[in-house]
4 protein chains.
Amino acid sequence: MPRTKQQFEEIRLKSQKRILDAALEVFAKQGYHLATVDAIAKTAGVSKGLMYNYFKSKEELLHELMIGMMENMMAEFLPIKPGEKLTKKIVTQMINEGIDLVLENPKYWKMYFSVFVQPDVMNMIMDKIMEMLQPYFKALTNYFEEKGEKDPVAMTRYFSAVMDGIQLHCMIDPKTFPAEKVKKILIKQFA
Amino acid sequence: MPRTKQQFEEIRLKSQKRILDAALEVFAKQGYHLATVDAIAKTAGVSKGLMYNYFKSKEELLHELMIGMMENMMAEFLPIKPGEKLTKKIVTQMINEGIDLVLENPKYWKMYFSVFVQPDVMNMIMDKIMEMLQPYFKALTNYFEEKGEKDPVAMTRYFSAVMDGIQLHCMIDPKTFPAEKVKKILIKQFA
Amino acid sequence: MPRTKQQFEEIRLKSQKRILDAALEVFAKQGYHLATVDAIAKTAGVSKGLMYNYFKSKEELLHELMIGMMENMMAEFLPIKPGEKLTKKIVTQMINEGIDLVLENPKYWKMYFSVFVQPDVMNMIMDKIMEMLQPYFKALTNYFEEKGEKDPVAMTRYFSAVMDGIQLHCMIDPKTFPAEKVKKILIKQFA
Amino acid sequence: MPRTKQQFEEIRLKSQKRILDAALEVFAKQGYHLATVDAIAKTAGVSKGLMYNYFKSKEELLHELMIGMMENMMAEFLPIKPGEKLTKKIVTQMINEGIDLVLENPKYWKMYFSVFVQPDVMNMIMDKIMEMLQPYFKALTNYFEEKGEKDPVAMTRYFSAVMDGIQLHCMIDPKTFPAEKVKKILIKQFA
DNA sequence: TATGAATGAGGATTCATTCAT
DNA sequence: AATGAATGAATCCTCATTCAT
């Protein structure tokens, strides 16, 4: 008797998750190009072949991973519902969380950032991610508008850039970067 | 025959420069891992063998390149002599130049940034670069101290991070990023 | 419960046929080596596991298929009973049918031919097929003998070779090959 | 001092030839799909890498080989200059040579034939080969026209098909195929 | 009987590096 | 100083086959 559809589905999901987790770990430690499919499979405790059952290439594995991370991050980073407005409190929280997230797992974020900087290959991802970020940009633009900023669109881009810069430095040097002080500066300036 | 020696030296330097220029171009276009030694040699118009006369590996080529770029950038970006003090004017100039440099050649800077984000491989470079940045950090700390900032060290790191974030976004999206408006915000805030 | 046994047997035969049909289709389209077991199973609408219940390997599947095709073809191509003699009419029919069969399904026949040309792997099949062809060769030899040919054995081999050559060209270029004219030539020469 | 251009050219040609010879041998013995690049390189006594210096893929290697064989064969098989007319003597020679060539090296010709029967992959080769065969078809058509055949184009195609059929059977069973007798039949019929 | 997840050996391809000239 | 032919380890990916259910 074969397993039921549902049983198979469960098995599939479980294996996929193991592979994605392993990929995250290995990509984070070695970077995309130095990470071998072999190492990922070994880390996941599955065969290489299985990987290719679920992801049609190493690149697709990265894509899926990035999209997944992005979705998770968005959920934590921008905890508002569509249409809801940003408040000072929420922006404060975004700043704090955005920095803490990186400090907790600098390796993962290195991988994440590195993609933005890879030439060619990753353009597909960029589009997808930009699309996902739209509501976040909109909400911020709204927020800055209500705060009375003259050019809320520019301010939003400025804020995003600043946050990315901070996160970048947290990643590079999590030990000596004065995260707490910088948080305060940011909150004072933007929230 | 000292004359001949000098000529050899000239040829050496010229070839080296051609190779470094080619490497920069190819690394910038393809990223370190996707760039092949072959492509670099071809771009430089020399043989692979010659390349290995001057640089003992692909990695060394990258190192030399990065250090060189860093030195150039520092010269332009921080045009003060050791001991000299930063003025509002100079900081303003730093902000403007720092952004314009990236906008002029986003590809090169992508390569540059990507190194900071590569795990493992580039740890060696980091030390060297951090060392080179020391005087720049010091001068900025001094500057912020004189401007009356409470925590000038934190402010310096904040400023560096912000500048990197802006530059990152300029690189990613040089066309729609509101560089001029952001410059104004930065100058108002830091200069 | 003999009834149940019979039902099982029916199911078995039905599944086997579906798999063989699918195999024929996929082998014909992609060639033996490029055809995947997966594709065959999918085309047949069964699981890979089931396939291996009926055929112990991809190679056996090919064997069964070839033998089956051979039997079918023989039935159509040489519609005489053992011992019965070939007549002009029957030979004419063989020529016409032999060419039409190929023109109707050039892909299948390509697969069929390709086996004769594969080194190593398929030697096993050759023996089996040669054995099956014996009565056909005998009947032809008889026929040519009665027609007064000096060397009926050679003539038989010649006829077989010619037919295969014609069929090969029909397969390669079914559109522009002058099949009807060639039929006439053949009939005039051999029938 | 580097070698001269000419020296390099010689080395290249020599290596290429070794690889092509090896490829012919291995493809002939195992068939395209079962032949491994490794085996070819080993047979040629060079590294796998070198193969890829000269041929950008296994498939291209096959293409080059086929084209080369074709050219050689044409030179022997159709020893007339463009514009020159075919005579009975030349056609007789074509028949004899065409069969002897195959009998001498059935393996090579198996490889050659197998390509015509491979689905998909080899379409590029087909076009090239058809183009090369044009002058041969033209000369034959002319010949049959002057011989007073009613439909010389059809006759040409018939003749080609017959020759291929004979060659095919020579390949499959070089030992018992009555080559000499068949030659006589062919000569009587076509020359 | 029937399923499809899992395996892993095997194969094509790439590319930094070496070395004879 | 200069060349580019040659190497081979490393890597991605495929697919026939097995097996627990």
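Per chain, numbering begins at 1; letters A, B, ... match sequence-line order.
When side chains are defined from C-beta on, Met66(A) does not count as touching Phe27(A), because their heavy atoms never get closer than 4.5 Å. Side chains of Asp21(B) and Leu24(B) form no contact here, defined as non-hydrogen atoms less than 4.5 Å apart.
The nucleotide whose nearest atom lies closest to any side-chain atom of Phe8(A) is, among dT3(E), dA6(F), dC12(F), dT3(E). In this structure, of dT21(F), dA6(F), dT11(F), it is dA6(F) that holds the atom nearest to the side chain of Tyr54(D). Here dT21(E) is the nucleotide among dT21(E), dG4(E), dA16(F) with the atom lying nearest to any side-chain atom of Arg3(D). Considering only the side chain of Ser57(D), dT13(E) comes nearest among dT13(E), dG4(F), dT17(E).
With values rounded to the nearest 0.5 angstrom, Lys42(B) atom NZ is found 13.0 Å from Met51(B) atom CE. Within the model, atoms CD of Glu25(B) and CD of Gln30(B) stand 10.0 Å from one another, a figure rounded to the nearest 0.5 Å.
When heavy atoms are screened at a 4.0 angstrom cut-off, Ala39(C) is found touching no nucleic acid atom at all. Within the 4.0 angstrom heavy-atom criterion, only backbone atoms of the sugar-phosphate kind lie near Ala35(D); the bases stay farther away.
In this structure, Lys42(C) places its NZ atom 13 Å from C1' of dA5(E), rounding to the nearest Å. Put simply, CZ on Arg12(C) is 9 Å from C1' on dT1(E), counting in whole angstrom units. Atom-to-atom, CZ of Phe27(D) to C1' of dG11(E) comes out at 13 Å; the value is rounded to the nearest Å. Taking atom CG of residue Leu62(D) and atom C1' of nucleotide dA12(E), one finds them 15 Å apart after rounding to whole Å. Here the P atom of nucleotide dT13(E) and the NZ atom of Lys58(D) are 8 Å apart, to the nearest Å.
OP1 or OP2 of dA2(F) has at least one side-chain nitrogen or oxygen of Ser15(B) nearer than 4.0 Å.
In terms of position on DNA chain F, the residue among Lys5(D) and Val37(A) whose nearest nucleotide sits closer to the 5' end is Lys5(D). Between Leu50(A) and Met51(D), the residue anchored nearer the 5' end of DNA chain F, judged by the nucleotide with its closest heavy atom, is Met51(D). Residue whose closest nucleotide on DNA chain E sits further toward the 5' end, between Gly49(C) and Lys56(D): Gly49(C). Between Tyr52(D) and Asn53(C), the one whose closest nucleotide on DNA chain E sits nearer the 5' end is Asn53(C).
Base pairing of dA20(E): its partner is dT3(F), meeting the Watson-Crick or G-U wobble criterion (both donor-acceptor distances under 3.5 Å). Base pairing annotation: dA9(E) forms a Watson-Crick or G-U wobble pair with dT14(F), both donor-acceptor distances under 3.5 Å.
Judged by distance alone, the side chain of Arg18(C) and the main-chain N or O of Ala44(C) form a donor-acceptor pair under 3.5 Å.
At a cut-off of 3.5 angstrom, counting only N and O atoms as typed in the model, there is no donor on one side facing an acceptor on the other between the side-chain of Lys48(A) and the base of dT7(E).
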